[in-house]
Amino acid sequence: MSIDITLHFWRLNAPQPVVDHLSRVLDAGEIARADRFVHLRDRTAYRIGRGRLRELLGEWRGQDPASLRFDVGPQGKPSLSGGPHFNLSHSGGLACLAITQDVEIGADIEAYREVEDAVAERFFAPKEYAQLSALPSVEWLAGFFRIWTRKEAVVKAIGEGLSIPLDAFDVTVDPKAPPLMTRLDPTRGRVEDWSLVHLDLGEAMVGALAVRAAGQAVRVQVRECPPDLSCHWSV
């Protein structure tokens, strides 16, 4: 048995005819949310992101994307009755959609940006912070976002939002080590039930996936990726 994950990556900018086409599959609530963004680029990015999400899920289900009706969890995570499970993340003008029929999934991508050491000390578990601090200074930022994306992916897979402290579990930090959860508060489950996937997105971005695999192998297929983006994964 294996858990099969399909990944799609796309840019959040497009010619106006494409934006208009994607906007036609959005519902009234999505249009209203898009229009609340102050900047045109943000309104455009939301329409592209949500419209393409609907297209891909509609294709998966064999359904008109405009007819999809999303359920929303208590922490805002959307889902579809009858599946598939999915999670959307975006950063730096790029969107990432992870889809699987098997289990709840979390995905997170992040464009590198300056971060203060105090953020890591505040949010990471003590062991993670110590290992991050031991990295050479030139590797610190990449190490920070390795930890951050793995943790965010886990939190998004669980679907309970910020009610889960980021220091309730540890993930690997070393760039040469496989992506793993190494500690978990026992009230929240077992470490061995979790599988993490590292997403290598070139020199400026990184990402992660998280699923409760419970010993099952995880297989990833990148179905869609911009030609100027490097998309590789490892477990």
Side-chain angles (χ1 to χ4, degrees), residues 5 7 9 75-77 87-96 98 104-215 218 220 222 225 229-235:
I5 300 171
L7 290 180
F9 297 91
Q75 298 298 326
K77 184 178 182 181
N87 202 219
L88 179 68
S89 180
H90 55 84
S91 181
L94 181 73
C96 170
E104 288 288 351
I105 187 168
D108 191 58
I109 62 171
E110 298 289 345
Y112 293 151
R113 57 194 180 275
E114 290 301 317
V115 179
E116 294 183 358
D117 180 83
V119 176
E121 186 175 19
R122 177 183 176 186
F123 289 106
F124 294 168
K127 185 176 179 180
E128 292 170 328
Y129 179 67
Q131 292 176 341
L132 177 64
S133 300
L135 291 177
S137 58
V138 295
E139 296 180 14
W140 189 92
L141 192 65
F144 174 91
F145 281 107
R146 266 195 307 279
I147 300 172
W148 187 268
T149 54
R150 291 170 189 181
K151 284 180 168 290
E152 282 293 308
V154 170
V155 169
K156 292 174 74 176
I158 295 173
E160 297 179 7
L162 296 178
S163 64
I164 306 170
L166 289 181
D167 61 0
F169 59 96
D170 288 11
V171 297
T172 48
V173 180
D174 189 331
K176 297 178 183 178
L180 297 171
M181 182 186 292
T182 58
R183 179 188 66 87
L184 176 63
D185 183 334
T187 64
R188 300 182 181 277
R190 306 186 310 162
V191 165
E192 53 266 34
D193 287 343
W194 284 94
S195 287
L196 306 183
V197 177
H198 173 73
L199 301 178
D200 183 349
L201 303 175
E203 297 182 356
M205 299 191 74
V206 70
L209 309 174
V211 292
R212 277 199 180 102
V218 174
V220 178
V222 178
C225 184
L229 182 71
S230 170
C231 302
H232 303 284
W233 63 274
S234 61
V235 294

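Every value quoted in this text rests on a predicted model; they were computed, and no experiment measured them. What you see below is based on every heavy atom in this structure, not just the backbone, and it leaves out hydrogens, waters and symmetry mates.
For D108 (side chain) and E110 (main-chain N/O), no donor-acceptor pair under 3.5 Å exists by modelled atom type. Judged by distance alone, the side chain of R146 and the main-chain N or O of V173 form a donor-acceptor pair under 3.5 Å. Counting only distance, with no hydrogens or angles, the side chain of N87 and the backbone of A107 share a donor-acceptor pair below 3.5 Å. Side-chain N or O atoms of T172 include one that pairs as donor or acceptor with a backbone N or O of P178 at under 3.5 Å.
Residues V235 and H198 have side chains not in contact (no heavy-atom distance under 4.5 Å, counting atoms from C-beta outward). Annotation: side chain of S230 is in contact with side chain of H232 (closest heavy-atom distance under 4.5 Å). Residues L196 and V171 have side chains in contact (heavy-atom distance under 4.5 Å, counting atoms from C-beta outward). Between W233 and V222, some side-chain heavy-atom pair lies under the 4.5 Å cut-off. I109 has its side chain out of reach of V206: every pair of non-hydrogen atoms, C-beta onward, lies at least 4.5 Å apart. The shortest side-chain heavy-atom distance between V220 and L7 falls under the 4.5 Å cut-off. Looking at L94 and M205, their side chains come closer than 4.5 Å, going by heavy atoms from C-beta outward. The closest side-chain heavy-atom distance from I158 to R212 is below 4.5 Å.
The distance from atom SG of C96 to atom CG of L229, rounded to the nearest 0.5 Å, is 10.0 Å. We find the CD-CG distance between E114 and L141 to be 6.0 Å, quoted to the nearest 0.5 Å. We find the CD-CD1 distance between E152 and I147 to be 12.5 Å, quoted to the nearest 0.5 Å. Here S133 contributes atom OG and D117 contributes atom CG; the two are 5.5 Å apart, rounded to the nearest 0.5 Å. Separating the CD1 atom in I5 from the OG atom in S195 is a distance of 8.5 Å, to the nearest 0.5 Å. The CZ atom of R122 sits 10.0 Å away from atom CG of L166, with the distance rounded to the nearest 0.5 Å.
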**Prompt:** Going through the checks in order, is the side-chain hydrogen bond (donor to acceptor under 3.5 Å, both in side chains) test met by D167 and Y129?
**Reply:** CA-CA 10 Å; D167 61 0; Y129 179 67; over 6 Å; no
**Request:** Evaluate the salt bridge (charged side-chain N to carboxylate O under 4.0 Å, His left out) criterion for residues E104 and K77: first the C-alpha distance (whole Å), next the side-chain angles of each, then the deciding distance (0.1 Å), finally the verdict.
**Result:** CA-CA 11 Å; E104 288 288 351; K77 184 178 182 181; 3.1 Å; yes
**Message:** Could you go through L184 and W194, starting from their C-alpha distance and side-chain angles, then the distance that decides it, and tell me whether this counts as side-chain contact (heavy atoms from CB on, under 4.5 Å)?
**Reply:** CA-CA 10 Å; L184 176 63; W194 284 94; 4.0 Å; yes
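Residues A95 and L88 come closest through the heavy atom pair CB-CD1, 4.3 Å. A111 and S91 make their closest contact through N-OG, 2.9 Å (heavy atoms, listed as atom of the first residue, atom of the second, distance). For the residue pair V218 and A213, the shortest heavy atom distance occurs at CG2-CB, 4.2 Å.
Crowding of H90 atom NE2: a count of heavy atoms from other residues, nucleotides or ligands under 6.0 Å not exceeding 12.
Here D185 pairs with nothing under the salt bridge (charged side-chain N to carboxylate O under 4.0 Å, His left out) rule; sequence neighbours left out. With sequence neighbours left out, D170 forms a side chain to side chain contact (heavy atoms under 4.5 Å, CB included) with A125, K127, E128, T182, R183.
Relative to the six-membered ring of F123, K151 misses at least one condition, a distance below 6.0 Å or an angle of at most 45° to the axis.
Below 30°, between 30° and 60°, or above 60°: for F145 and Y112 the angle between ring planes is between 30° and 60°, a tilted geometry.
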